[in-house]
Structures are given as structure tokens and as C-alpha cells.
Amino acid sequence: MSGYIIKRVLLLIPIVLGVTLIVFLIMHLAPGDPVRLMLGERATPETIIKVRHELGLDRPVHIQYFVWLSNIIKGNLGNSITTGRPVLETIVERIPATLELTITSIILATIIAIFLGSISAIHRGGWIDQTTRFFALFGISMPYFWFALMLLMIFSFRLGWLPIYGRGGPIWTLDGLKHAVLPVVVLSLANLALLTRLTRSTMIDVLGKDYIKTARGKGLPKRVVIYKHALRNALIPIVTIIGLRLAYTFGGAVVTETVFAWPGMGRLIVQAIYQRDIPVIQGVTLMFGIIIMLANLFVDLLYAYLDPRITIE
Amino acid sequence: MKIKKIVVMYLLFVFLITLAGVNYATGGTTTLTREEKAGGVLVYGISDEPDNLDPWKTTRAVSDNIMNYILEPLVVVDKNLDIVPSLAESWKVSEDGTVYTFKLKEGIKFHDGTPFNADAVVFTFKNAMKGNVAYAIESVRDIVKVDDYTVKFVLKSSSLAFLLNIADGGYFGIVSPTAYEKYKDRWGTDALVGAGPFKFEKWIRGQEIVLVRNDEYKHGPDFLDNKGPAYLEKIVFKLIPEPTILVGAVKSGDVDFTTYVPSVFVQELKKDSTIQFYSAPSCGTRFLVFNLQRELFQDKHIRLAIAHAIDKKPVADIAWSGTAIPTCSLLGPTTLGYYDVSDECIEYNPEKSKQFLADAGWKDLDGDGILEKNGKKFEINLLAYALSENSKSAVVIQDQLKKIGIKADVETLEKGAAIAKAQSGDFDIMEYGIWHTIGDAFLNYIAYSKNKGVGNTAFYENLEFDELVTKASMTAKMKEYKEYVKKAQNILLKDLPYAPLVALTYSIMAKPRVGDFDIVAEYPYLQDWHVRVIALEVYLKK
């Protein structure tokens, strides 16, 4: 097992670096001069040349990338072009907010989806099933942005129950929890809908298997049949999808963080893209890549727990 | 029955007395004392976060705004654009307008307790002259300390704009040299020390910047009733990037005040009795840029044809939701040097446009509605920022050009990409505009020949224009200045590298609890010179 983990972590390095190289090239190909954007339209050509030199942006692109790469090895992600602050410091400030939002939304979506999907499968064709399927379709179709604004209009502006923007503190505090409710609900929506549908179809399939009939025939309680025998087998594809959805969830966090003024990495990278702040873009991309790879590793390890037939080699 | 009548009359009497009392309490002109006004935290909504608060590095308007509360300039501007003393007690100007000798106020301390004096002024400006906004004081040759409270600025040539530029407390407010040395590594990120009405407390990235009242501040400008300290205990700049949410936050009371009001909300907010809302003319304008590097636009008749084809009212109403004002001037109404250009106005006249095009040999030979000449269709690209108002403006113009047989393909790009394209001359016409407070600097930026490929996106060149703009920048006499600016703009309006479209207004909104908010609206939105008014006059009703 530990050998497998080490192998996966080592594999992470070329993959993530490959992604950062692609992003680096794309940002350099994109029109827009980061120094011009930083200094404003009225900056003189002399000032632009001076600042570009100070920031090392007048060096060839491949030199810039290798300098960045060599700094990474020393644990230095460079400095932001716009703020001058260390990129690592900037990211560390923002990571907790994004992780809080994405992890909470994934956990919430998974728990509710498994419950709803199972109930829907058990009562297939009934009103619970019909209602669940309707809301699942709604969730898949609904754009994050629109849904966020609707929730804000109802729960914040009209009813005044929940705050309009910002992060009140860590989610385990009351203020933090109040601020997190709407962004977490918005971010959970697509995952909840997709996982509910998946759980339902997987459970329907599993509930039709012979070993379930055998379990029922042996007189096992319904709860044991469903949760110990059926659900456990249905979870494997669900866990797979969760792993795949992680990247989408981080993408969704970008929109959600912007609407709710949530101070996370999603908003940071959007600002950085507008400003052509390449060191920040590279740093956040690197961080997202590491998080997603580690999360997928965790998902792979979870398989072995769920299905003893699967061995980690 | 009789008793019932008496009871009813009595109740009516009590009701009327109460009503009169309420009217008196709310409608009367009771003057509040300082103690009654003092206190409270103003939540100021902003939609853009500063990159840093280093006056020698940042060029962002939001940074300038916030720094204005922390730093104090030598002079400030009142609502009539007159320069009045601030940290400077008085000043003398030499005969030729090249030497400004400032007598500084004594007994003022920075937030760190160190004294404000000539050393601090020299230190500040020496750094400013090497900074990223140095272009605003490029007329300054040297700064000399005469004594502890006297400083001399030696200019390369006289300049009316010099005092106006240094009145910006954000970029040219005086800093504490001691504090700079102490906080060098964190300067502008976690530390900024000046002599302004508020002190920097903290900056939670992505969320808010908090300023606290400077209780030692008592040197506010004479045109304000309150010379200091500020009534407000704190100002919290809350970052809410999404404009819809920001407006909603003010309406719901989470935010007290904002100057970031998208034009699409303005008409609705004007009718909203739950908020205080003001709109006023500004120094911003929008105009069409003709790329004179393109052979097509080197023919003035083509430029005239396009200019006459544009009805500015729909641009103002549709793109700017009725908040913009059709204009014939490139200068904004509150820009220094602005004058009424109705004589030089190019009126909406599509028939005239068609005539100009026909005279230039453009005809619709195949009946498809698009003009042709020598086998080539009149198809051009119209570049605009991918921001709501700008892209809508481009679409309105596109529709109007279609009516005279010109097919304009609208290309909207994110700002960085659009600027890159414009400055490289990779466009035909462009919907563009900037905010600028000073007329000669604005004209210089957009049309001076040496600025081709920078602000001069029309790639225009006219030596007479260059000379007039240079003379305007070098005179210290207001009458002469206005004459030069007028002549320079008239040349532009005649040559038409730019076709004026609309003048922009600025809007501010606040919750009812923000007191004396109407005074803020009297001051023009000029690089946040109205900051002093907000800082010292605004209070929160209890």
C-alpha cells in the first residue's frame, strides 16, 4: 500500500508540472501586457520597460519558465506581479476558504445524494422517486450563477435570514456557518443532482442482483439488505464520479466565490487572469493540481476499503 | 353618543399633536452637536480590491481612493476646483510660474507620532518622482528643503496642472519617512502611515480593509465645517466584486455607502425611497476612435459619414441606461478646461452620411444593403471592451451604421486584450473612453503625436495640436490655459480622429443612516477629491 501511495505521489509531479507548462504558455500567448495592466493605460513606455525588466518579464519565455521551475524546487512560488507579495503567502491565505467551501459541498452533496438516490430506487415509480428525479434534473440544468442570485434574492434580500456576502469565519463558528450556507448549497447543487441520479440507477441495478434476492430470501432485515449489501456495492461507481467531479467543483467554486464575495482561490485566480498575473496563475494552478491529484488518490484508496476484492498494487 | 364624540375628538387631537411632533422631529432643522454625530462604523462597499496601498507603486483608482483617507496632501481642491491649503499653510509662485514655495503647517504629527515637516515632503516627492505615477508630476525638476517648514518645488516650466495633480492625497499625500524605513518590507501591504483623518488598521485579503479615526487630526480644509477629527470611528471597505450583490447589500443595510453603482440600476434606485441616491456629471466621456493607419479612415469624408450616422441619444439610453448624456465634447463636464462645444457639434444626420459616402464612391450595387467600392464591401470591425455598457454601446452603433450601408462586426474583448489590440493598431474603429480631470493631460494622452500606440490609439498626428497642448501644460494662467485647451480640442473636433459620443455621470448611494450625504454629492468625482468631505462631514445617525 505505501509503495502504491509513493508511486502515485511521484506520478503527481510530472502531471502537475505539465499542466503548469500548458497554462504558462497559454497565458503568454494570450493578448494583454501584465505590466501595462498593472501600471494603467497612462503609464509611459519608459516606465513600462523599467518595470518589465524589474519583474524579469523581458526575458525569453522559456527562461522565465525554467526560473519559475527552479524556484519551485526551493519552495518559492515567486511574487505576484500586481501586489508584489509572495504567491505562496497569498495562496495560503485563500486555501482554507476554498477547501472549506468545496469539501463541505462535496460531503453534503454525497450524503444527501446517497440518501435520496437510495430512497428513490427503493420506491421506484412512486411519488418520492418522481419528485427526486425532477429536482435532480433541475439541479443539473441550473447554472450556478443564476441559482446563486435566486437564493440571495429570497433568503438574504427578501427574508433577511442569511448574510449577503463574505465569509464570517471558520465554518464551525455560528457566523461562519451562516455565511457558508448559501455558497455551499449553490456549489452542492450540480453534484447533488448528478450523484442522486447515479445512486438511483446504480441501486436499481444492484437491487436486481441475485445476491440481493438471496439476502432477502434468507430473511435479513430490509435495512441490512439495502445498506450493508446493496449500497456498499453501489458506492464504487459513485466514488469514481466524486473523484471526477472534484475538478468541476473547483471550477464551480470560481463562480460561487465571485457571487458571494467568498475570499478563496477561485476569486484569486479570476483576478489574476484579468491582471495577467502569471506567477499567481501558475501558483494557483499548481495548488489546484496537487489538491485534485491527492483527492483522487484518496478516492482510489477508498475503493480498497469499500471492496476487499480490489487490491492496491 | 355625546361622550363617544368627545372621545373621538380627543383621540383626533392627540393624533394630530403626535403627528406635528413627528414632523418637527424629522423635518426640522435641528443641528446636531459633535458628540451626537461622533461614533459609528461606516461600511463602504467596493467592487475592486487594491493591489497594494503603496502610493509609489499602485496605479489603481481604488487604491488611490483608500490612500486618500490615510494620507494628507499639501493642497486640496474644493467643489469649484479652487486649490486650498491642506498640509501647506500657504504658497508663493514665482513670476515665471516655475518655482512654488510652500510654507508648511507646524505642529502636525503623522500617525506614528513623528512630526510632519519639510524632510517628509522632500522624501515623499523624491520617491513619487521615481514611482509609477511620476508622469503626473513630470513637470517637477527638483524639490528643495529651505527650512524645517518651507519647501521649494522647481518646475521645468510653469504648469497650471501642477497644483491640481499634487492635490491628489492618494498618490501625492505626504508619508512618514520614519514609518517607511520601519515598515519597508510591508509598506503598502500591511502598513501605510500618513497624517490623514484615518489610520490604517488592517487588511484581510479578499474581504476588507479597515481604517480607524485619527483622533489627533484637526487640520481639515477651511471649506469644511468640521476640521477634524472625523465623526466616524472607523471606515470598513468591504470587498464585494459582483455589482448586483453590492447594490443589494446597500439596499439591505449590510453596506452603508458605495460609489460603485452600475448604470443599469440607476433608474430604479432613483425611485427607491429606502436609500439616498445621487447622480452628477463627471470627467468621463466615451468616443469613437478611427484608426488613421487604415487607408479607409484617412479619408475625412468617411469619418464624417460615420460621425453623422450616430444618434447619441440611443447610445446614452440603451448602453448607459439613460445615465449618460449625449455630448459633442471629448472633455467631460467636470474636466479642467471644459467648455461648451455646441458650435463644433456634428449633428445626427444619416442623409448627410449617405451623401458623404456616395461622394467617396461607395454604392450599394447588389442591393444587399452593404455599400461597395471597387469590388470591396464596406465591412469594418468595431472593437469594444467586453463590459456591459461598452459592448451595448458598440451594438447600438453597429445598428446605426447598418442603416447607412456599413457592416460593422462588433468584437468585444476583455480589457487587457482590447487595450493590446488598440495599442498595436489592430482594429478599424473602437468604442473607447477614459476619465480624466485635467484637460491638457487628457488631450495629450489621446492625441499627442508621441503617444501613438499608447493613449493615441487613433495614431493621429498634428503639430499645431501638439504645440497647443504643450503650451497649455506650461502656462500658469487659467485664461490662457482654457484658450489653449479650447483651440487644441477644436482642432481634434475638426480633424475628427475621435467622434464624441456621451459624457458619463457618476452615482453614489447610501443608507438613510448616513448623515450629510447630500454634501458628498455636491463635490465632483475627481480622483476622489471628495474623500475629504466623506472623511470629515459624513456621520452615522443614531
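Letters go in sequence order (proteins before strands), and every chain restarts at 1.
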(request) Pick one of side chain, backbone, both or neither for A/V270, based on which atoms fall under 4.5 Å of a heavy atom in chain B. (result) neither

(request) Could you pull out the closest heavy-atom pair between A/V284 and A/L268, with the gap in Å? (result) CG2-CD2, 3.8 Å

(message) For chain A, which candidate among B/I245, B/L413, B/N132 shows the most heavy-atom pairs at distances under 4.5 Å?
(response) B/I245

(message) Heavy-atom cut-off 4.5 Å, strictly under: side chain, backbone, both or neither for A/R167 against chain B?
(response) both

(request) Output every pair passing side-chain hydrogen bond (donor to acceptor under 3.5 Å, both in side chains) with a member in residues 251-268 of chain A, not counting sequence neighbours, ordered by first then second residue. (result) A/T98-A/E257

(request) Just give me the residue among B/E138, B/R60, B/R186 that pairs up with chain A most often, heavy atom to heavy atom, under 4.5 Å. (result) B/R60

(message) Counting heavy-atom pairs under 4.5 Å with chain B, which one of A/T90, A/I48, A/D277, A/T83 comes out on top?
(response) A/T83

(message) Please classify the contact between A/T47 and chain B as side chain, backbone, both or neither, with a heavy-atom cut-off of under 4.5 Å.
(response) side chain

Less than 3.5 Å apart, which donor and acceptor atoms pair up between the side chains of residues 142-165 of chain A and the rest of the protein, not counting sequence neighbours?
unit_1: A/S156; atom_1: OG; unit_2: A/L162; atom_2: O; d: 3.1
unit_1: A/S156; atom_1: OG; unit_2: A/P163; atom_2: O; d: 3.2

(request) Please look at A/E46 and chain B and tell me whether the side chain, the backbone, both or neither of the residue comes under 4.5 angstrom of a heavy atom of that chain. (result) neither

(request) Side chain from CB out, backbone as N, CA, C, O: work out which of these in B/K130 comes under 4.5 Å of a heavy atom of chain A, or both, or neither. (result) backbone

(request) Report the option among B/K421, B/K57, B/R205 that has the most heavy-atom pairs separated by less than 4.5 Å from atoms of chain A. (result) B/R205

(request) Below 4.5 Å from any heavy atom of chain B, which atoms of A/F260 appear? Answer side chain, backbone, both or neither. (result) neither

(message) Is it true that B/S63 and B/D51 share a donor-acceptor pair across their side chains at a distance under 3.5 Å?
(response) yes

(message) Quick check: under 4.5 Å, non-hydrogen atoms only, which of residues 63-81 of chain A neighbour chain B?
(response) none

(request) Could you tell me which non-hydrogen atom of A/H179 sits nearest to which non-hydrogen atom of A/D175, and how far apart they are? (result) ND1-O, 2.9 Å

(request) Answer yes if the side chains of A/T249 and A/N191 hold a donor-acceptor pair under 3.5 Å, and no otherwise. (result) yes

(request) Flag the one option from B/A136, B/G248, B/A134 with the top tally of heavy-atom pairs under 4.5 Å to chain A. (result) B/G248

(request) Write down the atom of A/A253, the atom of A/T102, and the distance for their closest heavy-atom approach. (result) CB-CG2, 4.0 Å

(message) Would the distance check show the side chain of B/S391 and the main-chain N or O of B/S388 forming a donor-acceptor pair, the cut-off being under 3.5 Å?
(response) yes

(message) My understanding is that only residues two or more places apart in sequence, or in another chain, count here; which of them pass salt bridge (charged side-chain N to carboxylate O under 4.0 Å, His left out) with B/D54?
(response) none

(message) Under a 4.0 Å threshold between the charged nitrogen and the carboxylate oxygen, would A/R52 count as salt-bridged to A/D58?
(response) no

(message) For B/L269 and B/K251: C-alpha separation, side-chain torsions, deciding distance, then whether side chain to side chain contact (heavy atoms under 4.5 Å, CB included) applies.
(response) CA-CA 9 Å; B/L269 291 170; B/K251 289 176 75 165; 4.0 Å; yes

